[in-house]
Amino acid sequence: MTLLLSPPTAPVALPRIGALLRHAAPRVLEGMILPVAVFYAGLVFFGLYGALAVAVGWVYGGIVWRLVRREPVPGTVLLAAGTITVRAVLAAATGSPVLFFLQPCLGVLCASLGFLLTAPMRRPLVQRVATDLVPLPGHLLEHPRMRRFFVGQSVLWGGAQLLNASLSVWLLLTQTLETYLLVRTSLVAVLLGGAGLVSVLGLRRCLRALDRQGPYGVLQDRAVP
């Protein structure tokens, strides 16, 4: 019997938790905390229409800042600019801030369903997201332990985002806008921060377990003479 193994590769090491937090903090601040703070400040000082204008100006200001510094503008930022423009126009036309916040809630709901429905697939959605953040060798992703890990992560993130969407819609429809902004931001930060910590620790534990089994040369095929 001949065993064909993939070429040996160096173990995949994750950065320390502190380094990951320092890497994620500016993105969380820019993407989650500051937009809400800017909108809320605009709402307090200028009313609904002023808040919508400030929110749109914040996003486009970020694009201009990157262009002035000759930094590339990510496609996600351009998509966010287009999306927030449409949301602001609809909210201004109807005079209802609910429409401004309802679309992101529905987007989170769709994301949660995407995580849950793709869990049993060969390459679930959560795996695509994870490999964008942490490059992992292709043969390592085929290991049964890693496959089980990504199934569990699909359930974790699908459930977390489903809870996020449910709480967000309930707060939006039953509470004042000020309460929605303050409570939802805090809940989402705790919920997604906790899920992210569980994911990082789980991946670290999974990689260590594979490392104890030997090099990351995963059995690829069996040929019987």
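The figures that follow rest on heavy atoms only: side chains count, while hydrogens, waters and symmetry mates do not.
No side-chain heavy atom of Gln153 sits less than 4.5 Å from a side-chain heavy atom of Pro124. Using a 4.5 Å heavy-atom threshold, the side chains of Leu187 and Leu171 count as touching. No side-chain heavy atom of Arg147 sits less than 4.5 Å from a side-chain heavy atom of His143.
The shortest heavy-atom contact between Leu191 and Leu163 is CD1-CD2, 4.1 Å. Between Leu203 and Met146, the shortest heavy-atom distance links the atoms CD1-CE, 4.0 Å. Closest of all the heavy-atom pairs between Ser168 and Arg184 is OG-NE, 2.7 Å. For the residue pair Ala195 and Leu156, the shortest heavy atom distance occurs at O-CD2, 3.8 Å. Nearest heavy-atom pair across Leu116 and Pro120 is O-CD, 4.1 Å. Across Gly114 and Thr118, no two heavy atoms sit closer than the pair O-OG1, 2.7 Å.
Distance CG/Leu173 to CG/Leu102: 7.0 Å, rounded to 0.5 Å. Atom-to-atom distance recorded for Leu181:CG and Leu43:CG is 7.0 Å, nearest 0.5 angstrom. In this structure, the separation between CZ on Phe150 and SG on Cys206 is 8.0 Å, given to the nearest 0.5 Å. Remark: Gln127 CD to Met121 CE distance equals 12.5 Å, nearest 0.5 Å. Going from atom CG of Leu177 over to atom CG of Leu172 covers 8.0 Å, rounded to the nearest 0.5 Å.
Leu197 and Val190 fall into different hydrophobic clusters, where Ile, Leu, Val, Met, Phe, Trp and Tyr side chains are chained together by heavy-atom contacts under 4.5 Å. Leu192 and Val198 fall within the same hydrophobic cluster, defined by Ile, Leu, Val, Met, Phe, Trp and Tyr side-chain heavy atoms under 4.5 Å apart, directly or through other members. There is no path of hydrophobic side-chain contacts, each under 4.5 Å, that joins Leu106 to Val89. A chain of hydrophobic side-chain contacts below 4.5 Å, direct or via other Ile, Leu, Val, Met, Phe, Trp or Tyr residues, connects Val54 to Leu48. Hydrophobic clustering (ILVMFWY, side-chain heavy atoms < 4.5 Å, transitive): Trp58 and Tyr49 are in distinct clusters.
In this model, a donor atom of one side chain and an acceptor atom of the other lie less than 3.5 Å apart for Ser199 and Trp157.
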Q. After noting the C-alpha distance and the side-chain angles of Thr174 and Tyr180, does the key distance pass the side-chain hydrogen bond (donor to acceptor under 3.5 Å, both in side chains) rule?
A. CA-CA 9 Å; Thr174 63; Tyr180 168 81; over 6 Å; no

Q) Could you go step by step and tell me if Arg123 and Glu142 meet the salt bridge (Lys or Arg N to Asp or Glu O under 4.0 Å) rule? A) CA-CA 9 Å; Arg123 193 181 179 197; Glu142 297 298 323; over 6 Å; no

**Q.** Worked verdict on Val155 versus Phe115 for side chain to side chain contact (heavy atoms under 4.5 Å, CB included)
**A.** CA-CA 7 Å; Val155 175; Phe115 286 131; over 6 Å; no

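Taking the ring-ring contact (aromatic ring centres under 6.0 Å, His included) definition, one finds that Phe39 meets it with Phe100, Phe101, sequence neighbours left out.
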For residues 90-98, dump all side-chain donor-acceptor pairs below 3.5 Å to protein atoms at least two apart in sequence or in another chain.
residue: Thr94; atom: OG1; partner: Leu90; partner atom: O; Å: 2.9
residue: Thr94; atom: OG1; partner: Ala91; partner atom: O; Å: 3.4
residue: Thr94; atom: OG1; partner: Ser96; partner atom: N; Å: 3.4
residue: Ser96; atom: OG; partner: Val98; partner atom: N; Å: 3.3

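A distance-only check finds a donor-acceptor pair linking the side chain of Ser166 to the backbone of Leu162 [under 3.5 Å]. In this structure, the side chain of Ser112 engages the main chain of Leu109 through a donor-acceptor pair within 3.5 Å.
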